[in-house]
2 protein chains.
Amino acid sequence: MRIGEAASAVGLTSKTIRFYEDRGLLPPAARSANGYREYGPDTISRLEFIRRCQSAGLTLAQIQEILHIRDSGTTPCTRVRDILGQQLIDLDKTIAELTALRASVAEHFRTIDAADPINCDKEQICSYI
Amino acid sequence: MRIGEAASAVGLTSKTIRFYEDRGLLPPAARSANGYREYGPDTISRLEFIRRCQSAGLTLAQIQEILHIRDSGTTPCTRVRDILGQQLIDLDKTIAELTALRASVAEHFRTIDAADPINCDKEQICSYI
DNA sequence: ATTGACCTTCCCGTGCAGGGGAAGGTGCAG
DNA sequence: CTGCACCTTCCCCTGCACGGGAAGGTCAAT
């Protein structure tokens, strides 16, 4: 199958597949006589794996690392476990930061919502932030 | 005061202050005879306002909009209120997404943590993701 | 006179994951 | 023959908020 068909099969664009090849997430594609990239079902499952990883919030660099481990003949499970564990730590940190930020913004919002613009001090641009 | 002094007074770099001027968050600075930028206390409070906005998670584009409203002679309070309200909505959305992602990643993590790498299917790269 | 700490403008690079569009080749239908 | 959809490589652009470093000017102290 050609690149456009492969792309729509997994919900990507041709551009993205070429980009993945360029970044080393896909091996250089086989070419048919006219120079067009030619893909088999193994590439499709590889692309689907990439999508599953992305929906787990992994970066392309992390996905590439996992794929390279698999390509070198080793099961990537241990590394995947480590990456997901770190992902949990990072997510907890980010969520905590955003939650604190939300509380701070909500406090500002309550203040300004109860305020009278007439009291706004020009020197401070806006007195309520 | 010159740019370096202003920068350290508010905890920024000279680069950042020039960048803000370039982006229109600061008016073109007055220059002394040698061409150096010269700042007064009004710029300092403007920079401090920018910092307060940033710690509330506003983008430079939003801050610029608020500053322009103030510069045009109007109190920006109403617009600030709207922006903070939208900020709350966005934060809630992001936090909800990240929380869902965390649950999904945690589920993957539990699965792989309990799995035996021997069962990992090569076709799927990693069976547990 | 020369160092050293400032300052100026200018352009390019960072991270992330692609997207836009040019210029040209291929293959099939009408 | 022409149109159309598809493919190729190539290079630059996006958003976000700056940072790095070059090449050169300025000023006070030594």
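Chain A is the first sequence line, chain B the second, and so forth, proteins listed ahead of strands; every chain is numbered from 1.
Rounded to whole Å, atom C1' of D/dC18 lies 13 Å from atom CZ of B/R18. The interatomic distance linking A/E5 (CD) with D/dC7 (P) rounds to 9 Å, in whole Å. Going from atom CG of B/D22 over to atom P of D/dC18 covers 13 Å, rounded to whole Å. In this structure, B/E21 atom CD and C/dC7 atom P are separated by 14 Å, rounded to whole Å. The separation between A/F19 atom CZ and C/dG20 atom P is 14 Å, rounded to whole Å. The interatomic distance linking B/I3 (CD1) with D/dC27 (C1') rounds to 17 Å, in whole Å. Distance CZ (B/R31) to P (C/dC6): 19 Å, rounded to an integer number of Å. Look at CZ on A/R2: it is 9 Å from P on C/dG27, rounded to the nearest Å.
Within the 4.5 Å cutoff, no side-chain heavy atoms of B/R79 are placed close to those of B/T74.
Dashed line: the shortest gap from a side-chain N or O of B/T16 to OP1 or OP2 of D/dG19 is under 4.0 Å. Contact annotation: B/Q54 side-chain N/O to D/dC18 OP1/OP2 distance is under 4.0 Å. At the phosphate of C/dT8, OP1 or OP2 sits under 4.0 Å from a side-chain N or O atom of B/R37. Considering only side-chain N and O atoms, A/Y20 lies under 4.0 angstrom from the phosphate OP1 or OP2 of C/dG18.
Not one N or O on the side chain of B/R2 forms a donor-acceptor pair closer than 3.5 Å with the backbone of B/Y36. Between the side chain of A/R81 and the backbone N or O of B/F109 there is no donor-acceptor pair closer than 3.5 Å.
For the pair B/K15 and A/L60, nearest-nucleotide mapping onto DNA chain C gives the more 5' position to B/K15. If you find the closest nucleotide of DNA chain D to B/N34 and to B/A61, the one lying nearer the 5' end belongs to B/A61.
The base of C/dG25 sits with one of its N or O atoms less than 3.5 Å from a complementary donor or acceptor on the side chain of A/Y36.
Defined by atom type and a distance below 3.5 Å, a donor-acceptor pair is missing between the side-chain atoms of A/D82 and A/Q86.
Heavy atoms of A/E38 sit nowhere under 4.0 angstrom from any nucleic acid atom.
With respect to B/I129, the side-chain contact (heavy atoms from CB on, under 4.5 Å) criterion is satisfied by exactly one of A/I66, A/L58, A/I83: A/L58.
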